Amino acid sequence: MPAYAYFPGCSLEASAKEFDTSFRAVFDKIGVGLKEIPDWSCCGSSQVHKVDKDVATAIAGRNLVLASDIGDIVAPCAFCSISLKEAIIKLEHEGPIRSTLIEAGLEYLPGSVSVISAVEATYRAVEEGLIDGKVQSPLTGLKVAAYYGCLLVRPPKIAQFDDPENPSSMERIMVAVGAAPVDWSHKTECCGNAYIFVNKDMTLNLVRDVLNAAIEANADAVVTACPLCQQNLAMRQPHMKQNYGLKREIPVLYFTQLMGAAMNIDGQQLGLSGNIVRLINKRQQEAKEVG
Amino acid sequence: MVENPKFKIIGFFCNWCSYAGADLAGNLRLTYPADLRIARIPCTGRMDPLFALKALLEGADGVMVSG
Amino acid sequence: MDKLELQLRAKAIELLEEGEVSIIIGWGPGWNSTKATPVFARDGETAEKLIFNPFCFNNLSVYLPRISEKTAIIAKPCDAGSIVALLAEGKISRDNLYIIGVACQGIVDPVKLEAAVGSIDDATAACLEGDNIVVEIDGEAKQVSFAEVALDRCMSCNQQNNVFSDVMVGEPVQPVVGEARSVVPEDAGAAWWRGFWSKEFDRCIRCYACREACPACYCRDNCAVQALRERWTGPRLDAQEALMFHAQRAMHVAGRCIECGACERACPVGIPLTLLHEQVGKAVKKLFNFNVGEKVDERPPLETFRKEELESGH
Amino acid sequence: MGASVQLRSIDMDLKKEIERLSGQKLDACYLCGKCSAGCPVAPYQDIPPHVVMRMAQWGSKKVLGSKMIWNCASCGTCYTRCPNNIDVARVCGALSQISRREGLVADKVAATLREKFVESVKNNGRVHELSLVVAMKMASRDYLGDLDIGIPMFLKGKFPLFGHKIKDLNNFQKLFDSKKKGDK
Amino acid sequence: MARVGVFICHCGANIAGKVDVEAVSEAAINIPGVVYSSHQKYSCSEAGQKVIIDAIKENRLDRVVIGSCSPKMHENTFRKTVQQAGLNSYMLEIANLREHVSWVTADKDEATKKAMDLVKAAVGKVSFAKPLTPGQVPVEKRALVIGGGIAGIQAALDIADMGYEVVMVEREPSIGGRMAQLDKTFPTLDCSACILSPRMVDVAQHPNIRLLTYSEVENVNGYVGNFNVIIRKKARFVDERICTGCLECMGKCPLKKKIPNEFENGRAPRGAIYVPFAQAVPKVPVIDKEYCRYLLSPDPDKVEVKEGEKKPKRKCGVCAKVCTQGAVDFNQQDELISEKFGAIVLATGFNLFDHSKYGEYGAGKIPDVITALDFERIVNSSGPTEGKIVRPSNGEKPKRVVFIQCVGSRDEAKGVPYCSRICCMYTAKQAILVREKLPDAEIYVFYMDIRAAGKGYEEFVLRAQREYGANYVRGRVSRIYESNGHMVLKAADTLVGMPVEMDDVDLVVLATGSIAREDSVELANTIGITTDNHGFISEVHPKLRPVEVPREGVFACGACLSPRDIPDAVATAGAVAAKVGVLFSNDILMSDPMVAEIDPLKCAACGACVSVCPYSAITMEEFRGKKFAKVNEAMCQGCGTCSAACRPGAAQLKGQTDEQILRSIEAVLQW
């Protein structure tokens, strides 16, 4: 059984728990092992690299070293995966940072490990046919807007995955579980992520634009692969409908949650609300009636 | 600037680029240490590596090939 | 009588009788049994002298560029490598050549042997018995492990049975297992090498035996070191002029030298020339990813011109 | 009122410092504005990214007091589309570092977020989201906003009260000294 | 023993101001072989030259060293000087005491020492010089012009008008090139076809020009004055000699609306038998064998037929049936033509940047985002929309038209770093054309810088802005996406320093930059010349020899050298014609004597020189059973690579022999 070194990241331990549980459940179902990196630490992304990029590289490097005994890393959070990927590129050339690591008892060997995001890992699994036969109740008729946000495919030199302007891997995954991805304009626009505390108005404007674009494209739900995007897009919809011109509320889910639903994984494990389950059933029913 | 000991450096310069470049340096009156003695060769393809060895064995402090 | 030698002779006689070739180049017994000597057989009688054993250290391919008739040559893996290199340079013609390959488990280093058993010039008998070399000197049989006295190069060789040939004679062999005894310290830098070579080359008497033994050195009388007009090297007999000469030879065989060690064994004053050629060889391998003696249709990297080179500038 | 920028001399020290910290070549920018055009946060800022770049090219200290350098979301849009391969987010990051050092922070809340985040990482090895949220609420003085969201999340167990401390914290904290090495 | 004379030039104060010329001159007399030494104010002056000539005669000098300015300045002058004194002109060496010493050295003593070394090196080198004589090569006075765009047309006509024969090779079925695709030309707004067509006809009718369309150059051998070229004339399947150009066949082709027409940038269809456009020259159709049903159906004579089965018939063949002349010939084969030429002219033109690399602009998938070339066809009255400007998505008139400049140009990340030079102008022109056809449309132009350096160009751009109401916004667009059947643009106005957004955009025209033809490197390899790293043909000297390329006898003009507009393409074409004329005014060419020679007695026949020669000028010969290498002096460019590769020293570059170089090294270090 193929296995990855699993790097959940801080968010998946807390606010994005359902991403963690649904991702583990789906990979368990398709028979790909995930071994959590022992004693992993912060990936160095988001804020740390702005304060000191060398420190960010060093603390990302720590995780790389810890994982190198296990195998290639899968890091579901887009911030984590891009941060670890960048560290790999930097550590190639940064001797001093490697020495710092050695002083902390960690020897990094360039080329010893690689990093992919949850979408990449899933995309590979789909391409390799690992989900064949696992989709017991395909999400027929469910129109989804695949939302990549920024860091999943950007910057291309670091992400090295999919098209940075018009990615399609999540769509491919959604098709594999029977859903119908919509073509829409805002799949890689930034949602404003952590700036909700700093400039709430700005963030909500950005979120509104993304959601309205999905609504305009007639999507039933938005699927994401980033904990910050999911929270940002999902959380303040009633408020935005009142004050920011959001056209209607729309569910925002992790792509693994929908995959799990298609694979008949227990809703509890996926963290899916009853509303979503009912919506999926309704679409499946409609599709059946149409024929 | 640190006091420079004097060297003899033999330069093998391609007629079409570097030799002309060295001419240009002159036209622009750029100054550089007098250690370099440039030999004009028609192309760096003409440069037999043994010329460099020969120069070093004959006492050159350095050899510069440019083209 | 060794089964391999019988087969060699039979094959040689067959080729001569059928008129496949007019001359066979191989090894025969030398003036004592620790030395083999080249044999050029045009008839069955001479062919009956052919032998092959770990004392056959000459690289016979050195003779090929000088012979234009149809030739058969007995080749161990090193020799075959040189033959491939010569073919790649178009210096010899495959049509005129018949290669009788022999597997080789290693060649005895005369210097090591002498150190182990004493003056081998006085040997009355010598042979390989199992894993040991047995030499009889002054009626006394002295025994030494083959691994002790084989050439350093044979320790790291993995071509024992992989011989570029028309026919293989004899059985596949197991390589000799031992450790190379390099005199080069691991951290040898430029200064070490400078000291080392100036000491070694100080002994050079410029006899050119290294050149004559080298299959890649086929310019013969036109060799650049003898060029009167150019005077690459001066007439002085000192380490500096010798260095120029050997460096020139090393440059000329760069990317063409199979590192067989024939030059070193031919040297009357024992200069370890293989070390020089290995150093250059490593650089060529690294820069051009080129292995000498591997392909008959690829010219040596230092004498090829690629269009990319033209495009990258003047 | 004396607000014009003196162009006579470029502050090479500041410019070099920005280039060192960001790893970007400032003069590669020819100010086409594509970064500003695609930047999701630019419409809400005092100056857009290309103006940040221009000021950085001058080595103008004025840029250190800009909000933009604190509010860059690091989304990579500018870098992805920049015709000259400049990572503007890195330049903003470098500028905000210098701005903090010089005490010219224009967006205190953003600076607090950064500080608290790094503090949380350094003390625990990971980020404890709840304490970060609480700290941010204090900093922004928006004590009650988003309680409608926060409380249900808390109840769902999404905000565990206590953060997870990594075991090898001692060695982990050594990594924060890497900078001094790099400087040498 | 050589008798060398040394002459040190003061060059006024240029050399003497830094170098102690007297000391150098005095020291020179002690260099082995030197029998005479003097110094003078200006060696290159008439008086100075006379001193040299007299000294040579009086002192029976056989070799001369002049310490003066760079040999690039006066080597030729002094060669003539020593020749006047009765010496071979190659018995001269120049020590570069000005550019390499006096002008670049601060300290006087050091400059003097360095000057002495350089004089020694020159003496060392000249002491072993041998007299050289130039070779002679006859000139084949015919020119090959590759490419039938406006540059090729102009060059061919000019050369032909001088009375020389020209063969023009064009790979498309018709000549005309890019210019034929354009609607109007800036800044005069002339109709492009109206000014081009007469030139095309001139080519077809010129008695000195032979036109080979639908043909490509396969191989080029030889050297200046004597090129051997092999041209592949692709099967046209229509006999040019018989066809009258009635084009009856075209109308009957069942595929006539099925195949995208390259000439229309794929925006209008053509048939399998077609002429690309109405004014095509020659007006003879070709049959596209990739599509033609007849040619794709199996040949009955080659199909195995089982017993009882009928032999299959070939499909279609309608064109052959309707042709009253019987010009359609399905059995035609590609033809290889071998011709001799004295000169080759490259005029292979350019391509346009493929904007599918710009994912942010829809990667070429948004129908209403079109390229400028698309626009040229759309706005052209013989184009796919008969000149009506419409949105490709729905055929409606656009109300808001946006032009974006620098797409691919000046973009190191996704495109090319250079400026394409023509986009600012054609965008202004297209904005004017929009205004003329759609008086109510809003026009926006997003630009970075306006580059309008040409006669009447700046005025033209200002007219587009002032009289035609094109709104110019300074900033690069970051993204285009579709929304509600229109497009949304995210941009910035860098002059006010803020992001701007524009929605309800109906049509976006991208000013895609000029790039080299995709096969330009391959063609350059065929001809044995070089390209720059963008694939444009490299010239010998961008300023002083702008239409010559580094292979003698080969010239280039038009946009294959670099992006350029029509006037510049035509001007370079004229320049090329002049250069060809100069070449053809000689019956015999003198070749540079500083070429390689191989001593057959020393040659070890290893073939290294053959393998390393960048100009394929060395071949292996055999004489009485001995092989040796031989240099074709006319092809040798004197680079000396063979000399460096030759182990026994058989290959020697004349004037730069191993002996000369070794002695000059020794001279500097030992003498």
Side-chain angles (χ1 to χ4, degrees), chain C residues 65-69 85-93 96 211 214-234 236 240 244-245 247-257 297-314, chain E residues 128 130 520-522 524-526 528-535 538 540 550-551 599-618 620 625-629 637 639 641-652 657-663 665-666 670:
Chain C
R66 312 180 201 176
I67 295 176
S68 52
E69 54 201 304
L86 287 168
L87 286 167
E89 292 175 34
K91 191 58 201 170
I92 55 174
S93 153
N96 273 343
R211 189 185 79 188
C214 175
C217 272
Y218 49 67
C219 294
R220 316 285 308 147
D221 294 341
N222 293 323
C223 175
V225 298
Q226 276 163 263
L228 294 176
R229 292 195 73 93
E230 285 79 18
R231 276 187 280 127
W232 285 94
T233 45
R236 289 195 313 273
Q240 181 179 317
M244 183 69 206
F245 158 60
Q248 187 168 17
R249 222 179 70 76
M251 271 310 300
H252 282 178
V253 300
R256 307 167 56 240
C257 167
D297 54 357
E298 195 176 336
R299 286 200 75 93
L302 287 175
E303 47 181 72
T304 47
F305 171 78
R306 296 205 176 86
K307 281 278 192 230
E308 305 94 84
E309 299 173 23
L310 184 71
E311 272 141 32
S312 63
H314 297 285
Chain E
F128 298 88
K130 284 185 215 156
S520 67
V521 173
E522 201 185 315
N525 285 342
T526 304
I529 57 172
T530 54
T531 60
D532 64 14
N533 49 356
H534 308 299
S538 307
V540 173
R551 182 165 183 182
D599 181 346
L601 294 176
K602 278 187 156 189
C603 177
C606 67
C609 53
V610 179
S611 172
V612 296
C613 178
Y615 307 99
S616 312
I618 310 182
M620 205 52 104
K626 186 184 175 342
K627 277 195 192 169
F628 58 92
Q637 304 287 312
C639 70
T641 310
C642 52
S643 217
C646 181
R647 294 185 286 271
Q652 293 293 348
T657 60
D658 285 345
E659 189 183 22
Q660 286 179 285
I661 295 176
L662 286 168
R663 290 304 86 77
I665 296 172
E666 279 174 15
Q670 301 278 336

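Per chain, numbering begins at 1; letters A, B, ... match sequence-line order. The structure displayed is predicted, hence computed values, not measured ones.
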- Is chain C contacted by the side chain of E:L601, its backbone, both, or neither, given a heavy-atom distance below 4.5 Å? backbone
- Item | Within 6.0 Å of NZ in E:K627, more than 12 heavy atoms from elsewhere | no
- Query: Checking E:Q652 against chain C: side chain, backbone, both or neither under 4.5 Å from a heavy atom?
  - Reply: side chain
- If you look at every heavy atom in E:C603 and C:N222, which pair is closest and at what distance? N-ND2, 4.4 Å
- Let me know if C:R256 has heavy atoms under 4.5 Å from chain E in its side chain, its backbone, both or neither. side chain
- Query: Do E:R647 and C:E89 meet the salt-bridge criterion of a basic N to acidic O distance under 4.0 Å?
  - Reply: yes
- Item | Region of C:R299 that comes under 4.5 Å of a non-hydrogen atom in chain E | side chain
- Item | Residue E:Q670 excluded, over 12 heavy atoms near CD under 6.0 Å | yes
- Quick one: what part of C:R220 sits under 4.5 Å from any heavy atom of chain E, side chain, backbone, both or neither? neither
- Query: What do you reckon, is NZ of E:K130 surrounded by more than 12 foreign heavy atoms closer than 6.0 Å?
  - Reply: no
- Query: Do you know which of C:Q226, C:R229, C:M251 has the most heavy-atom pairs with chain E at a distance under 4.5 angstrom?
  - Reply: C:R229
- Message: Taking the side chain as everything from C-beta on, heavy atoms only, tell me whether C:R231 gets closer than 4.5 Å to E:L662.
- Response: no
- Query: Taking all non-hydrogen atoms of both residues, which atom of C:A227 and which atom of E:K602 are closest, and how far apart?
  - Reply: CB-NZ, 4.1 Å
- Item | Nearest heavy atoms of C:L302 and E:V612, plus distance in Å | O-CG1, 4.4 Å
- Message: Restricting to non-hydrogen atoms, name the atom on E:G649 and the atom on C:E230 that form the minimum distance, rounded to 0.1 Å.
- Response: O-OE2, 4.4 Å
- Task: Give, for atom SG of E:C609 and atom CD of C:E303, the distance between the pair rounded to the nearest 0.5 Å.
- Result: 9.0 Å
- When the 4.5 angstrom heavy-atom criterion is applied to E:A645 and chain C, the contacting part is neither
